[in-house]
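The structure appears right after this line, and notes come after that.
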Amino acid sequence: MSQETRIEYKTAWRSFYGLFSLMILILILACAGSIWGPLNTGAKLKWMWIVVAIIEVVIFLSIAVKRATMSLILKDDPERPENQEVEYIVCHPLKLFTEFRVSKEIGLTKIADIDVKQNAIQTILNIGDVLISSPGTSEKEVRAKNIPAPKDVRDEIQKHARKYTMRQQPSAQNPDAAPVL
């Protein structure tokens, strides 16, 4: 009896470093403006802080929505071939009537290549983009952005995919043997 594997990867919180930095910058500017600026009168100061609070909440909600609407899911159920895949799901909250939810599945036996892309900041934060393609395609079909520990994710997917590709390849000792399914 085999064990089913289902691992879900989400965008890392630390990948929103730019937006978190913007939130901090807005707070610093608001503090400086309230101390030294022309808005240091009571009513103006109150409205400035209300606007700052609204901006901060909107930025944080956009971060939470972006993180919640993306999933890279590794499914591996040895007893059910339809559940041996990598699925990428992304929702676009502003595209309610066109492409609200986009899902792409690639079977574990169909994975040709898995790449990891990281810029300098992503390398420092140990986040990156996981790019997956299947045979016969010139471009990457799945582009999961800002995944934590992307090399570990790649290795995990490859480990599960290797289980099925090893079974389907003829052995080196007997190349004429039929693949084991």
Side-chain angles (χ1 to χ4, degrees), residues 1-20 22 57-171 178-181:
M1 183 154 206
S2 299
Q3 187 72 12
E4 178 182 355
T5 302
R6 186 180 197 288
I7 305 171
E8 185 171 356
Y9 302 99
K10 295 288 219 177
T11 303
W13 281 106
R14 61 185 173 266
S15 69
F16 298 103
Y17 55 87
L19 290 174
F20 284 127
L22 178 63
V57 167
V58 167
I59 292 172
F60 185 78
L61 287 176
S62 72
I63 291 170
V65 166
K66 284 181 183 180
R67 184 172 190 276
T69 59
M70 190 287 303
S71 294
L72 179 66
I73 304 168
L74 168 64
K75 300 180 202 172
D76 184 4
D77 186 353
E79 296 175 5
R80 297 177 60 205
E82 68 273 9
N83 279 349
Q84 298 168 356
E85 65 186 8
V86 174
E87 182 178 21
Y88 178 65
I89 302 169
V90 64
C91 295
H92 303 283
L94 299 179
K95 297 181 179 180
L96 290 175
F97 301 107
T98 57
E99 294 180 352
F100 176 73
R101 184 176 189 269
V102 178
S103 175
K104 181 73 177 176
E105 297 90 16
I106 299 177
L108 289 175
T109 60
K110 304 276 191 238
I111 293 175
D113 190 28
I114 303 175
D115 292 328
V116 171
K117 277 189 162 181
Q118 294 176 295
N119 62 31
I121 294 174
Q122 287 177 321
T123 303
I124 292 167
L125 296 174
N126 192 23
I127 58 176
D129 302 343
V130 177
L131 311 167
I132 305 172
S133 66
S134 60
T137 58
S138 60
E139 59 184 60
K140 303 297 181 187
E141 294 175 76
V142 170
R143 295 176 180 271
K145 296 183 180 219
N146 297 316
I147 300 294
K151 293 176 184 172
D152 295 341
V153 172
R154 177 197 58 204
D155 294 344
E156 185 70 22
I157 294 171
Q158 286 175 336
K159 179 180 87 174
H160 286 271
R162 216 173 284 124
K163 285 192 314 190
Y164 301 106
T165 54
M166 296 297 280
R167 283 188 205 167
Q168 293 180 352
Q169 295 175 352
S171 67
V180 178
L181 296 176

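Positions are given from 1, in the same order as the sequence printed here.
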Validation: residues 12-20 side-chain donor-acceptor distances under 3.5 Å, sequence neighbours left out:
from: Arg14; atom 1: NE; to: Leu125; atom 2: O; distance (Å): 2.6
from: Arg14; atom 1: NH2; to: Asn126; atom 2: O; distance (Å): 3.4
from: Ser15; atom 1: OG; to: Ala12; atom 2: O; distance (Å): 2.5

**Prompt:** Is it true that a side-chain atom of Glu141 and a backbone atom of Ser133 form a donor plus acceptor pair closer than 3.5 Å?
**Reply:** no

**Request:** Evaluate the side-chain proximity of Val130 to Ile114: yes if any heavy-atom separation is below 4.5 Å, no if none is.
**Result:** yes

**Request:** Could you list the residues that satisfy side chain to side chain contact (heavy atoms under 4.5 Å, CB included) with Thr69, not counting sequence neighbours?
**Result:** Val65, Cys91, Pro93

**Message:** Which residues pass the side-chain hydrogen bond (donor to acceptor under 3.5 Å, both in side chains) test with Thr11, not counting sequence neighbours?
**Reply:** none

**Prompt:** Can you tell me how far CG of Leu108 sits from CG of Asn83, rounded to the nearest 0.5 angstrom?
**Reply:** 10.0 Å

**Asked** With side chains defined as the heavy atoms from C-beta onward, is the minimum distance between Tyr88 and Met70 less than 4.5 Å?
**Response** yes

**Message:** Testing the basics here: between Ser71 and Lys10, what is the closest heavy-atom pair and its distance to 0.1 Å?
**Reply:** OG-NZ, 3.1 Å

**Asked** Between CD of Gln3 and CD of Glu79, what distance do you get to the nearest 0.5 Å?
**Response** 9.5 Å

**Message:** So, using side chain to side chain contact (heavy atoms under 4.5 Å, CB included) as the criterion, who are the partners of Glu85 when residues are at least two apart?
**Reply:** Lys75, Glu87, Glu105

**Item:** Residue pairs involving residues 108-128 (criterion salt bridge (Lys or Arg N to Asp or Glu O under 4.0 Å); sequence neighbours excluded)
**Value:** Asp113-Lys140, Asp115-Lys140

**Message:** Quick check for you: to the nearest 0.5 Å, what is the distance between Glu8 atom CD and Leu74 atom CG?
**Reply:** 11.0 Å

**Asked** Which pair of heavy atoms, one from Ala112 and one from Ser134, lies closest together, and at what distance?
**Response** CB-C, 3.7 Å

**Prompt:** Between Lys163 and Asp76, does a side-chain contact (heavy atoms from CB on, under 4.5 Å) hold up when you go through it step by step?
**Reply:** CA-CA 10 Å; Lys163 285 192 314 190; Asp76 184 4; 2.7 Å; yes

**Request:** Kindly give the heavy-atom pair with the smallest separation between Asn119 and Ile121, and that separation in Å.
**Result:** OD1-N, 3.1 Å

Side-chain donor-acceptor pairs of residues 146-159 under 3.5 Å, sequence neighbours excluded:
from: Asn146; atom 1: OD1; to: Gln122; atom 2: NE2; distance (Å): 2.9
from: Glu156; atom 1: OE2; to: His160; atom 2: NE2; distance (Å): 2.9

**Asked** Do Arg143 and Asp129 have side-chain heavy atoms sitting under 4.5 Å apart?
**Response** no

**Asked** In chain order, what residues pass the side chain to side chain contact (heavy atoms under 4.5 Å, CB included) check against Glu139, with sequence neighbours excluded?
**Response** none

**Prompt:** What residues, two or more places apart in sequence or in another chain, satisfy salt bridge (charged side-chain N to carboxylate O under 4.0 Å, His left out) together with Lys145?
**Reply:** none

**Complete:** Residues at least two apart in sequence or cross-chain that pass salt bridge (charged side-chain N to carboxylate O under 4.0 Å, His left out) with Arg80, listed by chain then number, are Glu82

